[in-house]
Every structure is written in C-alpha cells, then in structure tokens.
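In this text, all values refer to a predicted model and were calculated from it rather than measured experimentally. Chain letters run A, B, ... following the sequence lines, proteins first, then strands; residues in each count from 1.
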Amino acid sequence: MRGYKVIFHINESEKWSTVLANVNNLIKDLGKDDVIVEIVANGYAVMDYVFDINNKYNEIIDKMLSTSKLEVQFIACRNSLVGNKIDEKLLPSFVKVVPAGVTELIKKQSEGYAYIKP
Amino acid sequence: MRGYKVIFHINESEKWSTVLANVNNLIKDLGKDDVIVEIVANGYAVMDYVFDINNKYNEIIDKMLSTSKLEVQFIACRNSLVGNKIDEKLLPSFVKVVPAGVTELIKKQSEGYAYIKP
Amino acid sequence: MRGYKVIFHINESEKWSTVLANVNNLIKDLGKDDVIVEIVANGYAVMDYVFDINNKYNEIIDKMLSTSKLEVQFIACRNSLVGNKIDEKLLPSFVKVVPAGVTELIKKQSEGYAYIKP
C-alpha cells in the first residue's frame, strides 16, 4: 500500500524543471511504492505538454516521459487547453485531461492528498 | 449541502486575474451550490481591493464584484492593510477583514478546506 | 496544547522576508503557545541559511535567528544543499536538515499541518 499521496500544482512554464526535480527526489527518498504522485498543470503550464520541433523545452517532455514511468500521473486542465488553443489530440498519452484543474486539486485534497506548489 | 470547500491564497497583485479565472472556472465546473469558496488576500494583493479612479486594475474590481455574487467570500488581511496604509473604510462591502491572513489560512484548512495558491 | 500546526514552504530566496513577516504576524495573532510552526526551505532558498560576510541577506539571517527563538523550526532540504554545493556544517544550529524537503511537506500535512506557500 502506498501510504503517502501528493498533488503537485504547476501553472507557470518556468516551474516545470523544479516540479520534475522535486518529484524525482521525492520518489528517490520514499520509493515509488510508498507514494502516489499526481501533477496537475493548469494555466500556461499546459503548453509544455505539447511536443514542438522548435521548442527548447523538449528536454522537459523527455523528463516528463521518464517520470511518468515511475507511475506519476500527469494531468492537464481542459479549460487551460482551450484557453491556450491546444488540441487535446496533440497531448502525449501519459497526460490525462480533466474538466477543471482546480476541481482536481480540491477533490484530491479531500481524499487526503498533500498539496505542494513548487 | 456544499460538499467541497476551498481557500484560494493570493499575495501578489499580478495573480488576481488568474485567481478570479480559476474561481469562476471552478464554479462553472461544480456549480455554486456544491463548493464553498473563500479568497484570502494578504501582502501587496490587498491593494487591489481599493477602487482607484486612475487604477488600471479596476477591471479586476469589476470581476471581483461579479464573483462575489456567486457567494464567494473575499478576505483582506488587516496586517497587510496597515502595512500598505490602506484605510479599511475604503474597502468594498463584499470584502471582510481578518486580523491575520495566515491565521485564516490555517483555521480554514483545519476545518477541511483545500488550499490552492494560483 | 498548541492547537494549530502549519508548515510554510519557501523555494525562492526573494520570498524570505515575506515568509518571516508572515510567521511573526501569525505568532503575534495566535500566541506562540497556540501554534506549531515549521519553515521548510528547498531549492535556492536554502542558500540564505548560510551566513556570508558579503551577503546583503544577512538581515534575513538575523530575522531567522530571532524567529527561531519563538520556537519556530527551520528546515533545510539536503538535496537542495547538495545541489547548491553547501556544506551542512556551515548551517546555523537552529536549522535542521531533512533528506528531502518535499517528503517533509507531505509527512507534516499527513499529520494535520496546514500548508502555506507565501
């Protein structure tokens, strides 16, 4: 049983490397079988889920992919995707879309998840 | 009964449009009868509660007013008002003053409110 | 018995004065016997724990020291110390080191601590 549960909240693109480093440090510290991790992206931060051949942030997507293999769930807010004109079909398959990121943040906390905003 | 409860924390003026968009998206998603929302402003963010005829942020106050009609409670930290030399009597009537914003954030979390910092 | 418990999270150097002002306002409001306060620093924020004779932030260390006398616990993340090449032996004695700041943030929330990110 994974005893600890946590949501990481990100709404600014420039925070992705910090969030991913935090998550990887967490799993290194606790072990992936002892913590359930979900990353909820809303606002501009959802834009970094989309691979762009001209995007300097592709190293971020590579890091997201390797992090997702540690059973970390990546979430995108649909309101933010629409607001930033991103077609959901462009998202990598390790990203799950929810209607509203803020609702996800509230529901998870009501289920006992800790909240961290790097 | 409104099942979900959440406090949004804001301490930077430039975050107001994000906070208000988040709250409106939340209520659109869950319905205003299913979630209790409080916005706690401290630090410089309390300055935006004051209407200023020369203030480019008056659109923020308009948005606050329409958001307050969705039964969202707006809070100002008295320490921050004093620190920024704002007379409480200048605050719009939809804003409630508490002695310390941080205390409000702790008390509400102890009552089961989720915390979101946009 | 101290009824309220809170962790303040800081990962950016420029937030120290806000965090310390928040903590001092909180204790002024509730009284130090009614609230347990822990400040968890990770990322670049751990660098400000180290006294530097050329450091313009020494006023921050003075304020940390006086705040620690109010029974506030200061925490540094070891991953962040290593990442910023800071030898733990240089830390002031009021700072406690944990293996991972994020783990500390999760454990404390699971024990009922409120979370505040100034």
Look at B:E12, B:K107, B:H9 and state which one has the largest set of heavy-atom pairs under 4.5 Å with chain C. B:K107

Give me the one residue out of C:N24, C:V23, C:L26 that meets side-chain contact (heavy atoms from CB on, under 4.5 Å) with B:V102. C:L26

Looking at CG of C:D29 and SG of B:C77, how far apart are the two atoms once the value is rounded to the nearest 0.5 Å? 8.5 Å

Which one, C:T18, C:N25, C:V6, leads in non-hydrogen pairs under 4.5 Å with chain B? C:N25

Enumerate by number any residue of residues 109-118 of chain B whose heavy atoms lie under 4.5 Å from heavy atoms of chain C; in the absence of such residues, state 'none'. B:Q109, B:S110, B:Y115, B:K117

Using heavy atoms and a sub-4.5 Å threshold, report which of residues 35-45 of chain B line up against chain C, by residue number. B:N42

With a 4.5 angstrom heavy-atom cut-off, which part of C:K5 approaches chain B: side chain, backbone, both or neither? backbone

For a side-chain contact (heavy atoms from CB on, under 4.5 Å) check, start with the C-alpha distance between C:Y4 and B:T103, then their side-chain angles and the critical distance, and finish with the verdict. CA-CA 9 Å; C:Y4 293 109; B:T103 302; 6.0 Å; no

CD1 of C:I7 to CD1 of B:I106: how many Å apart, nearest 0.5 Å? 10.5 Å

